[in-house]
Structure formats: C-alpha cells, structure tokens
J.: 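Mind having a look at this structure? Questions to follow.
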Amino acid sequence: MGFMLAAAGSAVGLGNIWKFPYMAGEMGGSAFVLTYLICMFVIGLPILVAEWLIGRRGQKNPIHTMEDVAKAEGRSKNWRWVGIIGVLGSFLILSFYSVIGGWATDYIVIAAKGSFVGMNGNGTSQLFENFLGSVSHLFIWHTVFMFATAFIVALGVGAGLERSCKIMMPGLGLLLIGLVVYAALVSGPAFEQAFKFLFTPNWSAITGKAVLAALGHAFFSLSLGMGIMMAYGSYLGKDVNLISTARTVVILDVIVAILSGMAIFPLVFANGLQPGEGAGLIFVTLPIAFGNMAGGTILGVLFFIFLTFAALTSSISLLEPTVELLEEKTRLSRVSATVVSSVVIWALGIACLLSFNEWKQVTLFGKNIFDLLDYLTSKLMLPLTGLGTIVFAGWMMNQQLIREELHLGPALFALWKFLCRIVIPIAVVAIMIYGFMPQK
Ligand code: PFF
C-alpha cells in the first residue's frame with residue numbers, strides 16, 4: 001500500500017492535470033490523445049514493470065543498480081549510463097516543474113481572494129497574462145515550492161506527505177469528476193465538441209511531432225526513464241505482483257489525465273479560447289468554472305491545494321535521485337546534499353521562469369529556456385533511457401528468471417518478450433526518427 005501511494009504519488013502530478021491538456025491542445029487533440037493512450041499501455045506499462053524489476057534486483061540507486069544488475073548478468077558496466085542520464089533528466093525536469101508548481105501554489109491564494117468571481121475567458125486570460133508578467137511573483141512562488149520540496153526531502157518525511165495524499169488524491173479525483181459534470185451541464189454543445197476533439201480519431205492530423213510528444217509525455221507522466229521508478233523498485237517485496245501493480249498505476253494515471261482534459265476542453269470551446277493556448281491552459285480555463293459556480297471560491301482553493309500536493313509528491317521524487325547521488329559520491333550529509341542540489345535546480349528554475357517574460361526572446365535552437373528543457377528531457381532523454389531500460393530487460397537479462405518473477409504463463413511470456421525485444425525498441429526508435437525529421 002505504501003509503495004502504491006509512493007508510485008502513484010510520483011506518477012500523478014502536474015503532468016496529468018497541467019501538461020496533458022495543454023499538449024493535447026497544441027498537438028491537435030485526438031491524434032495526440034490516442035497515441036498517448038497507446039504509448040501508455042504498450043510502451044509505458046512494460047517499461048514500468050522493467051524498471052521495478054531491475055530496481056528490485058539492484059536494491060540501490062539507479063546508477064549503481066544498473067551497474068550491479070548488468071554485472072550480475074555478465075554485461076558491461078556501461079549500462080550505468082541509463083541511470084546517469086536518468087538522474088540528469090530528473091534534475092533538469094525539476095527546474096521547470098518547480099516553476100509550474102509555484103503557479104499552482106500561487107493560484108491557491110489568487111482563488112482565495114475571490115479573484116475568479118464572475119470572470120469570463122477574457123478575464124481569466126488577462127489575469128494569467130498579468131500573473132506571468134510579474135517576475136517577482138513567479139520568483140517568490142517558485143522559491144516557495146522548491147523550498148517545500150527540499151524541506152520534505154531533507155527531513156525524509158516524504159512518507160508522511162504520501163500518507164496525507166490518501167486524502168488529497170481522492171479529493172483531487174472527486175473535484176475533477178465534479179468539474180467534468182459541471183462542464184457537461186453548462187457548456188452545452190461545447191462538451192460534445194470537446195469530446196470529439198479529444199477522442200474522435202483523426203489520423204490525418206498525426207504528425208511526427210505529435211507522436212514523439214505523446215511518447216515523451218507517456219514517459220513523463222509515468223515518471224519513467226529517470227531511474228525514479230527503478231529506485232522505488234528497491235522497496236518492493238518479492239511477493240508483489242509487478243504487472244498488476246503497474247496496471248493499476250497506469251490506469252490511475254490515464255484516468256486523471258483524461259478527466260482533466262474533459263474538464264478543460266468544454267470550457268475552451270464554450271468560451272472561445274484557443275486549444276493551443278499553451279502552458280497556461282488550465283490556469284485560464286478552470287478559473288472560469290470556479291468563477292461562475294456556486295461555492296466556486298472554496299472549490300477553487302481546494303482544487304489548487306490538491307494540485308499543489310499532487311505536484312509536491314512528484315517533485316520530491318524528482319529531487320531524491322540527485323540528493324542520493326550527492327550523498328553517496330561526496331561527504332555531504334543528507335541535509336547539505338539537499339541544499340546544494342536544490343539551490344542549483346532553483347537557479348536553473350529562475351532561468352525557466354524568465355522565459356515566460358523578460359527572457360521570452362532568449363532562444364537556443366529556436367526555443368526559449370523552458371521549451372528547450374522540456375524538449376531535451378521529454379523528447380530526447382526520457383525516450384533514450386526508456387529504450388535503454390527495455391533493451392536491457394529484454395536482451396541482457398535472463399528471461400527465464402524474469403518469467404518466474406513475473407509469474408507469466410507461456411502466452412504472456414511470449415508477449416512480454418515480443419514487446420520488450422522487438423515492438424518497443426523499434427517503436428521508440430521509429431518515433432524518435434519520425435519526430436526529429438523536418439516537418440511539413
Ligand atoms: N509524473 C509526474 C507528473 O506527471 O506530474 C512528473 C514526474 C515525476 C516526472 C517524477 C518524472 C519523475 F521522475
């Protein structure tokens with residue numbers, strides 16, 4: 001149970017509620033959503049199982065786990081690079097994750113002031129634009145969020161936080177369901193339009209970019225490719241059924257993302273907003289609902305509190321690998337290691353938050369700092385480490401032992417091998433090539 005909470009706590013976060021809808025909006029809706037769903041179950045689920053499997057064997061941090069398990073299987077020590085790139089990925093992701101976590105935290109206060117009352121799409125867009133323009137605001141809340149993350153990690157009270165999520169997570173789920181029902185009731189034809197936008201297959205809209213984004217998001221959303229799930233795997237008892245546990249986590253993760261999409265897009269269409277609004281999508285849409293429903297101020301406050309908690313359980317899992325690595329490789333204590341890593345990540349986060357205002361024009365390869373970090377991690381590093389993990393599990397590890405460990409019958413075992421050895425590696429490589437090709 002504790003393990004499930006930790007794993008689900010890491011998986012469910014801003015990725016589901018903030019990132020999924022805005023990416024779906026930017027990438028043309030269903031083409032993204034349907035590929036994302038396929039990626040979650042066909043690619044994400046087996047990689048999640050593989051990470052846990054490797055982590056349970058290794059019983060260490062991702063880098064040493066990869067090294068030890070590779071050695072035990074008679075393979076090269078260089079497999080540790082999967083762990084190294086993973087830790088680097090978690091470090092980079094946290095820098096922008098903390099900025100958005102700061103937005104969610106600040107929106108608790110903004111909601112509490114009753115700022116959304118009676119607002120329409122223009123109002124909430126303006127509010128968000130002003131918010132983005134205020135560097136000091138973004139700076140303060142990014143700092144608060146990063147501080148909270150560091151505080152929890154330094155004191156090792158992550159387990160306590162996860163316990164409080166027993167209340168927060170179901171609360172978030174219920175509120176999301178409530179928002180979907182609200183959207184269905186008030187937005188009339190826009191609800192149907194949203195449903196079509198998200199789910200009616202429109203394969204002609206599929207582009208290499210959208211497919212790569214969907215793959216990268218599946219990794220991001222399940223916290224894969226960063227060695228985080230691998231590290232969690234070391235806490236798994238021998239008797240835990242990895243496949244059914246992974247299935248539960250994937251389903252939960254998908255449900256939260258879909259609910260978020262179904263709460264948001266009816267509001268987008270009913271209020272004449274743009275689906276491709278970008279990173280501010282939830283901050284522009286949900287306040288319209290909170291501003292116009294009975295009890296909306298309280299519900300808005302609660303929603304952003306729950307969202308902040310969900311973000312925190314993910315951000316602590318993002319900070320943990322870097323801290324552990326520093327603790328192990330240097331003489332720093334846990335507290336000092338946390339302070340050092342947090343300060344560096346926080347500083348990088350400042351560069352990210354400036355890319356929403358003062359440094360909007362500062363670009364590298366045509367992308368601002370926030371976009372660049374997101375691109376580098378979700379589209380390059382995570383797919384690469386995910387690929388490394390699955391190739392390792394499929395080709396480098398003793399398959400008979402895995403079969404016993406996963407309690408697979410002959411048919412499922414054949415499927416496991418086919419997926420790990422052939423389907424997933426080919427799919428990931430093909431998607432990466434397709435995604436990086438010049439787009440029409
Ligand atoms: N999975 C988290 C989310 O969807 O918000 C984000 C995340 C957490 C990504 C931990 C990666 C990670 F290692």
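Residue indices begin at 1 and follow the sequence shown. Every number for a ligand or one of its atoms is a count from 1 in the order of the listing. Keep in mind that what you see is a predicted model, and the values were worked out from it rather than measured.
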J.: Whether the Asp253 and Ser221 side chains hold a donor-acceptor pair (N or O, under 3.5 Å, no angle test) is what I'd like checked.
T.: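 There is such a pair (donor and acceptor under 3.5 Å, judged by atom type) between the side chains of Asp253 and Ser221.
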J.: Going by atom types only, do Ser315 and Thr149 share a side-chain donor-acceptor pair under 3.5 Å?
T.: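 Ser315 vs Thr149: donor-acceptor pair found between side chains.
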J.: Are the side chain of Ser98 and the backbone of Ser95 linked by a donor-acceptor contact shorter than 3.5 Å?
T.: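 No; zero donor-acceptor contacts below 3.5 Å.
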J.: What does the list of residues with a heavy atom under 4.0 Å from ligand 1 look like, ordered by chain and number?
T.: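 The answer is Ser10, Ala11, Gly13, Leu14, Gly15, Asn16, Tyr97, Phe220, Ser221, Ser223, Met226, Ile228, Ser314, Ser317, Leu318, counting any residue whose heavy atom sits under 4.0 Å from ligand 1.
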J.: How about CZ on Phe195, more than 12 heavy atoms from neighbouring residues, nucleotides or ligands closer than 6.0 Å, or not?
T.: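 No, not enclosed.
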J.: Show your reasoning for whether side-chain hydrogen bond (donor to acceptor under 3.5 Å, both in side chains) applies to Ser317 and Ser10.
T.: CA-CA 6 Å; Ser317 75; Ser10 172; 2.9 Å; yes
J.: Does anything in residues 276-288 form a salt bridge (Lys or Arg N to Asp or Glu O under 4.0 Å)? List the pairs, not counting sequence neighbours.
T.: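 Residue pairs passing salt bridge (Lys or Arg N to Asp or Glu O under 4.0 Å), neighbours aside: none found.
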